[in-house]
Structures are given as structure tokens and as C-alpha cells.
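Take a look at the structure below.
Numbering of residues begins at 1 and proceeds along the displayed sequence.
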Amino acid sequence: MLTTKQKADLGILFKIPNSIRLAYLRHKFAGDKVLCPCCKSTFREFAPFSIWKKPNSWCVRCESLERHRALWMYLEDKTDIYRKPVKLLHVAPEDMLFKRFAQEANIDYYPADILPYLYQKGTKYLDLLDPDIPDNTFDVILCNHVFAYIHDDKKAIRNVYKMLKPGGWGILQVALDPTKAETHEDLTITDPKERERVFGLNDHVRLYGLDYKDTLEAAGFEVRVDDYTAEFTDDEIFKYGFWKGDPFYVVTKKL
Ligand SMILES: [Zn+2]
């Protein structure tokens, strides 16, 4: 059970507008022990996103989570996405990355989703099961935390492969249990509470296991599982609010 104070911190007790809640949390977490790579804000720690599970998680300035901050730094450190002209498909475009990609002169940016109105203005409609986009269009595709919602995920992944240019690359993250060899999928579970219990979120239809790599390879990709946060010390992991053991699935399409 949450205490009244915890509920208040999460904005559960009253219908507090998000901007007010964030302003309150910025005051509450003021300090200089952690640094958000996305918005360069510092805090004494990141706020808990859901306080029973995830301390040091949520930037109360740009609203990044662990995975957003790691991806932000990975793109800067390990890829050429900001260094040469690229045509970029960004599915389910994360806010902080949308704002950056949209203003980078080298990026021909194509943000898209099947529910575009949930995202920043300018996001286009795209159904990964029936994309209205020619094959071999994009140099880079980012599609994170999308496939677990889609019944025929293998078809969606094949379409991502088709839309990528030969020689192109992508990052395709999913909710994955690294202790499980096999993906657990059950399309007959439709009750939101049961889905949350079994798959982690109330509208997911599967929880991926380590065989996710095989699924990507079956679609044609070459896959590199890059445990980026393993390159950081524990102090740095805390400072940037990363999650250990959430490697990037970096895919390429052979020339
Ligand atoms: Zn931030």
C-alpha cells in the first residue's frame, strides 16, 4: 500500500496537472548528484517512476526514463546518426529524441506511429503490418517498445527489414526477460489485469525472451546485442540513471 504522501508525490491523490506535479518534484529532487544526458538537468536523484519498483528513474524536467537516457548517449557515442546525412524512421517517437532529431540539419526525419496523435505534432500515421512506404527507404530505423503490442510481430519486424536500406541499421528494443530463453506469448489473454501480471503491461501480448535475437535474424537482420551500460562504473550508472542489463539490439541489413 502506498502512503498518503507517496500517493501525493505521484499525483494519485488529487488530479494534479502534470506540469504542477513536475515543478513540485523538481523542487523536491533538487541537487547535483545525477545528470540527465537528454536535458542536462541535475538532481539529487531521479524521481521514482513507480515507487515500488524503480528508484532513480524519471527525469522530472524532460521526463526521460533509464532507457531513454542510455539510448541518447549510445546514439551520440556509438553511432554516426548525427555525423552524416540520414533518412530516419522513428516509430513511437520518444519526446526528447523527437525534439532533437527534428532540429538536426543532417537528419531527414520521419516520425511515425499507428496512433500518431499520442506523439508530438508532425508524427505521421504508420501501420507496421501494412506500411505505405517503399522498400529500402531509410538509412536508420528506431523502433523501441513497439513489437510487444502487435499480434503478428514477425510480420511487423519483416516490414521494418524491408523499409531499411541495404547497409542501414536500426535499434529495435522490446520488453525482454533476460532470465528466459523463450518468448512467452499468449494471444488468448485479453484481460488487461492478467496481461499486466503475465507480460508486464496491460496491453502487451507477449514478454520476449533471449530468442528475440533469433526472431530478428529470421527476418533477415544481422544482430548485435550491445550491453552498453556495462561500459560504465556503478557511480556513473547512478549518475546517469541507467538500468544495468538492458542491452541494445542493434540490427543491420546487409549490402
Ligand atoms: Zn532530462
Side-chain angles (χ1 to χ4, degrees), residues 2-83 88 90 92-107 109 111 118-123 140 142 144-145 171 173 175 201 226-248 250:
L2 301 180
T3 65
T4 302
K5 182 171 181 307
Q6 286 169 332
K7 286 180 181 173
D9 287 349
L10 286 171
I12 292 169
L13 197 56
F14 311 103
K15 289 277 181 210
I16 302 170
N18 198 42
S19 58
I20 306 273
R21 186 157 58 110
L22 287 171
Y24 164 70
L25 290 171
R26 283 197 289 274
H27 175 70
K28 180 178 156 93
F29 286 93
D32 60 1
K33 295 284 189 286
V34 301
L35 168 67
C36 176
C38 310
C39 69
K40 317 300 183 217
S41 297
T42 65
F43 302 98
R44 68 176 165 79
E45 63 181 304
F46 294 105
F49 187 57
S50 59
I51 61 181
W52 46 93
K53 284 184 192 163
K54 293 172 68 186
N56 205 40
S57 174
W58 185 35
C59 174
V60 288
R61 174 72 63 184
C62 73
E63 302 198 61
S64 67
L65 299 174
E66 295 91 334
R67 58 191 171 86
H68 303 128
R69 292 187 290 273
L71 179 58
W72 182 281
M73 284 182 73
Y74 187 85
L75 291 171
E76 285 187 341
D77 290 350
K78 302 287 185 179
T79 78
D80 56 7
I81 196 167
Y82 299 119
R83 298 192 183 96
L88 166 64
H90 187 191
E94 298 93 336
D95 268 10
M96 66 297 296
L97 285 166
F98 181 111
K99 288 171 186 164
R100 174 149 189 199
F101 293 150
Q103 64 186 19
E104 294 285 344
N106 71 304
I107 295 178
Y109 188 40
L118 292 181
Y119 296 90
Q120 293 278 323
K121 195 161 173 253
T123 301
V140 179
L142 303 178
N144 298 320
H145 295 272
I171 296 178
Q173 298 300 98
L201 274 178
D226 193 339
D227 192 3
Y228 177 58
T229 59
E231 298 179 16
F232 292 81
T233 64
D234 283 350
D235 285 349
E236 289 168 332
I237 296 264
F238 178 79
K239 176 181 175 185
Y240 298 121
F242 290 157
W243 224 351
K244 274 186 182 179
D246 184 25
F248 288 116
V250 185

Using modelled atom types and a 3.5 Å cut-off, is there a donor and acceptor pairing between side-chain atoms of [X] and backbone atoms of [Y]?
X: Thr42; Y: Gly31; answer: yes
X: His27; Y: Tyr24; answer: no
X: Arg69; Y: Cys36; answer: no
X: Glu76; Y: Leu71; answer: no

Looking at every non-hydrogen atom in both residues, tell me the closest pair between [X] and [Y] and how far apart they are.
X: Pro55; Y: Glu66; value: O-OE2, 4.4 Å
X: Pro111; Y: Gly122; value: CG-O, 3.9 Å
X: Asn18; Y: Glu63; value: ND2-OE2, 3.3 Å
X: Asn56; Y: Phe46; value: OD1-N, 2.8 Å
X: Trp72; Y: Lys40; value: NE1-NZ, 4.0 Å
X: Leu142; Y: Leu88; value: CG-CD1, 4.0 Å

Would you give the length of the straight line joining atom [atom1] of [X] to atom [atom2] of [Y], rounded to the nearest 0.5 angstrom?
X: Glu231; Y: Asp227; atom1: CD; atom2: CG; result: 8.5 Å
X: Gln173; Y: His145; atom1: CD; atom2: NE2; result: 5.5 Å
X: Met73; Y: Lys78; atom1: CE; atom2: NZ; result: 10.5 Å
X: Leu97; Y: Leu75; atom1: CG; atom2: CG; result: 6.5 Å
X: His90; Y: Asn144; atom1: NE2; atom2: CG; result: 6.5 Å
X: Phe49; Y: Ser64; atom1: CZ; atom2: OG; result: 11.0 Å

Steps toward side-chain contact (heavy atoms from CB on, under 4.5 Å) verdict (Lys239, Phe232): CA-CA 10 Å; Lys239 176 181 175 185; Phe232 292 81; over 6 Å; no
Please determine whether side-chain contact (heavy atoms from CB on, under 4.5 Å) holds for the pair Gln120 and Asp95, giving the CA-CA distance in whole Å, both sets of side-chain angles, and the decisive distance to 0.1 Å. CA-CA 7 Å; Gln120 293 278 323; Asp95 268 10; 3.3 Å; yes
Side chain proximity check, [X] to [Y], heavy atoms < 4.5 angstrom:
X: Thr229; Y: Ile237; result: yes
X: Val34; Y: Tyr240; result: no
X: Cys39; Y: Cys59; result: yes
X: Pro93; Y: Tyr109; result: yes

Could you go step by step and tell me if Arg21 and Val60 meet the side-chain contact (heavy atoms from CB on, under 4.5 Å) rule? CA-CA 9 Å; Arg21 186 157 58 110; Val60 288; over 6 Å; no
Around atom NZ of Lys121, are there more than 12 heavy atoms of other residues, nucleotides or ligands at under 6.0 Å?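 No, not enclosed.
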In terms of relative ring orientation, are Phe242 and Tyr228 parallel, tilted or perpendicular, with 30° and 60° separating the classes?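 Correct class here is tilted.
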Describe, in one word, how the ring planes of Phe248 and Tyr74 are oriented to each other, choosing from parallel (under 30°), tilted (30 to 60°) and perpendicular (over 60°).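 It falls in the tilted class, 30° to 60°.
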Are Phe98 and Tyr119 close enough that their ring centres sit under 6.0 Å apart?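 Ring centres of Tyr119 and Phe98 not closer than 6.0 Å.
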On the ring face of Phe43, is Arg61 found with NZ or CZ under 6.0 Å from the centre and within 45° of the axis?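 Not flagged: Arg61 not positioned over aromatic ring of Phe43.
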Please name the residue in the list Glu94, Lys99, Arg100 that meets the side chain to side chain contact (heavy atoms under 4.5 Å, CB included) test with Met96.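 Checked Glu94, Lys99, Arg100 against Met96; only one passes side chain to side chain contact (heavy atoms under 4.5 Å, CB included): Glu94.
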With sequence neighbours excluded, what pairs up with Glu236 under the salt bridge (Lys or Arg N to Asp or Glu O under 4.0 Å) test?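 Testing Glu236 for salt bridge (Lys or Arg N to Asp or Glu O under 4.0 Å), a comparison that skips the adjacent residues, returns none.
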Mind checking what makes ring-ring contact (aromatic ring centres under 6.0 Å, His included) contact with Phe238, not counting sequence neighbours?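 ring-ring contact (aromatic ring centres under 6.0 Å, His included) list for Phe238, sorted by chain: empty.
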